[in-house]
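To keep things clear, I will list the structure first and then write my remarks on it.
Order of appearance sets the numbers: ligands from 1, and atoms from 1 within every ligand. Residue indices begin at 1 and follow the sequence shown.
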Amino acid sequence: MRKVVKFGGTSLAGAGQFRKAGGIIRADGTRVFVIPSAPGKRFDGDVKVTDLLYRCHDLAAGGRDFSEPFSAVKERYADIIRELELSLSLEDDFNTIEEHLKQAPEREYVASRGEYLNGRVLAEYLGFPLLDPAEAIFFDESGTFDAERTNAVLPARLEELPQAVIPGFYGSGPDGRVRTFSRGGSDVTGAIVASACHASVYENWTDVPGLLMADPHIVKDPPVIRSITYRELRELAYMGASVLHEDAVFPVKEAGIPINIRDTNQPEDPGTWIVGNTARRPPFTITGITGKKDFCSIMIARDLMHSELDFYRKVVQCFEEDGVPIEHLPSGIDTMTVVVPESKFVEREQHVLRKIARSVRPESVEVEPGLALIAVVGRGMRAQSGTAAKIFSALAEARINVRMIDQGASELNVIVGVLNEDFERAIRFIYRAFVGRG
Ligand code: ASP
């Protein structure tokens with residue numbers, strides 16, 4: 001049994017946090033592959049090492065002096081090394097990075113050094129070898145992760161190593177140059193390593209106790225979700241809940257490996273388990289509630305629209321051609337509604353509306369901005385009758401007008417549209433109806 005453990009930036013922000021991470025790794029001999037992020041914020045207002053490095057790059061690329069952020073980066077590592085009483089020196093590494101910055105700075109290479117250097121420090125602290133992901137995680141020319149090439153190299157490299165520190169966030173392209181994932185991408189590295197070594201679990205150590213049932217800014221003390229399926233997570237994440245990089249789910253989901261979100265500051269807490277399937281019954285009918293504001297609905301009416309087979313396609317095409325993404329398409333008899341993000345629609349609205357008028361000759365078109373969508377998600381909903389009734393009576397009790405309803409065929413979620421100004425109150429009332437407090 002082998003576990004892959006990834007530590008986020010705040011979990012390795014200073015020597016104290018390194019000690020906690022070290023304690024966690026040493027407490028379980030099966031935690032063999034460790035993925036560090038770059039040092040994150042130590043306190044409110046602090047700057048992440050990755051942000052300092054981007055600043056170094058931008059100054060250097062503009063031919064300006066980058067010594068201030070560069071010294072700040074050096075200091076961050078020097079503090080950690082001194083406080084952990086390590087004998088490691090990063091001087092050669094810093095000379096190489098400085099030379100690179102002076103000559104022809106590459107943004108992704110410079111940004112990746114945060115993880116690389118933290119990997120060096122962590123490897124020294126743990127006594128583990130370092131596996132540089134530039135040698136085993138690959139990207140194609142366009143900068144997209146190259147699974148095929150990675151799978152041909154990474155599993156064999158991991159097989160040779162009983163333990164290793166593998167810095168997150170980067171790999172290399174076909175020309176050997178360093179490429180990075182998008183921000184927060186060390187989560188993705190962890191998932192790739194977990195899948196490559198057939199890990200029993202991918203532990204993602206962070207600074208929160210797990211995924212919460214609702215936004216704590218809206219409801220008071222929402223409980224941690226103890227277990228959630230990948231599909232439920234996808235629904236919640238898409239509608240705004242964030243705990244993991246979006247692309248971190250796919251490699252482990254495919255390999256059937258669970259993800260366990262854990263809190264470095266409360267290592268005894270079980271955290272959140274993200275799994276493919278589970279017989280564990282959720283404590284409430286719903287697993288979580290989330291949502292987003294600022295959508296716009298466009299209701300198109302025309303008698304007997306259903307008798308025209310290409311009606312829907314023509315309408316969808318009008319949005320597609322202008323690059324306006326469609327979020328939902330609830331329909332009625334002789335009406336169809338298109339729900340889109342307001343910011344994407346307003347720029348193109350007159351163009352889109354004109355095209356709709358021309359291509360489907362509607363009887364009426366009504367545009368309503370300022371709509372918020374709330375997603376009520378839960379695998380438990382399928383087995384339980386009356387879930388929708390509960391949601392709507394909660395909203396009726398709050399005297400909130402429901403502008404739109406959409407229940408996916410998966411019976412995993414119910415989406416309700418309310419006005420932006422009712423968003424927080426709607427979430428609070430639905431939450432209370434299912435959880436009974438908050
Ligand atoms: N250090 C990178 C960032 O700040 C990647 C990561 O932390 O996962 O985005």
For a salt bridge (Lys or Arg N to Asp or Glu O under 4.0 Å) with Asp51, tell me which candidate from Arg76, Lys41, Arg183 qualifies. Arg183
Does even one non-hydrogen atom of Gly185 get within less than 4.0 Å of ligand 1?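 Yes, Gly185 has heavy atoms under 4.0 Å from ligand 1.
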Does ligand 1 have any atom that is closer than 4.0 Å to a heavy atom of Gly184?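 So Gly184 counts as touching ligand 1.
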Which of the listed options, His245, Lys6, Glu115, holds the heavy atom that is closest to atom 2 (C) of ligand 1?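 Nearest option to atom 2 (C) of ligand 1, by heavy atoms: Glu115.
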Which residue and atom name correspond to the protein heavy atom nearest atom 6 (C) of ligand 1, and how close is it? Ser186 OG, 3.4 Å
Checking a contact table here: which protein heavy atom is nearest atom 7 (O) of ligand 1, and how many Å away?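 Going atom by atom, the protein heavy atom closest to atom 7 (O) of ligand 1 ends up being Ser37 OG, 3.2 Å.
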Parallel, tilted or perpendicular for Tyr77 and Phe94, by the 30°/60° rule? tilted
Check each atom of ligand 1 against the heavy atoms of Arg183 and keep those under 4.0 Å away; list them by number with element.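 Listed by number with element: 3 (C), 4 (O), 9 (O).
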For this output row, return yes or no: ring centroids of Tyr109 and Tyr170 closer than 6.0 angstrom. no
When you check the side-chain N and O atoms of Tyr238 and Glu327, is any donor under 3.5 Å from an acceptor? yes
Treating Glu342 as the side-chain partner and Gly370 as the backbone partner, does any N or O pair qualify as donor plus acceptor under 3.5 Å?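 Flag set: sc Glu342 to bb Gly370 pair under 3.5 Å.
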Is a side-chain N or O of Asp322 found less than 3.5 angstrom from the main chain of Val352, in a donor-acceptor match?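 Here the side-chain-to-backbone pair does not exist.
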Is Asp187 close to ligand 1, meaning an N/O of one under 3.5 Å from an N/O of the other? no
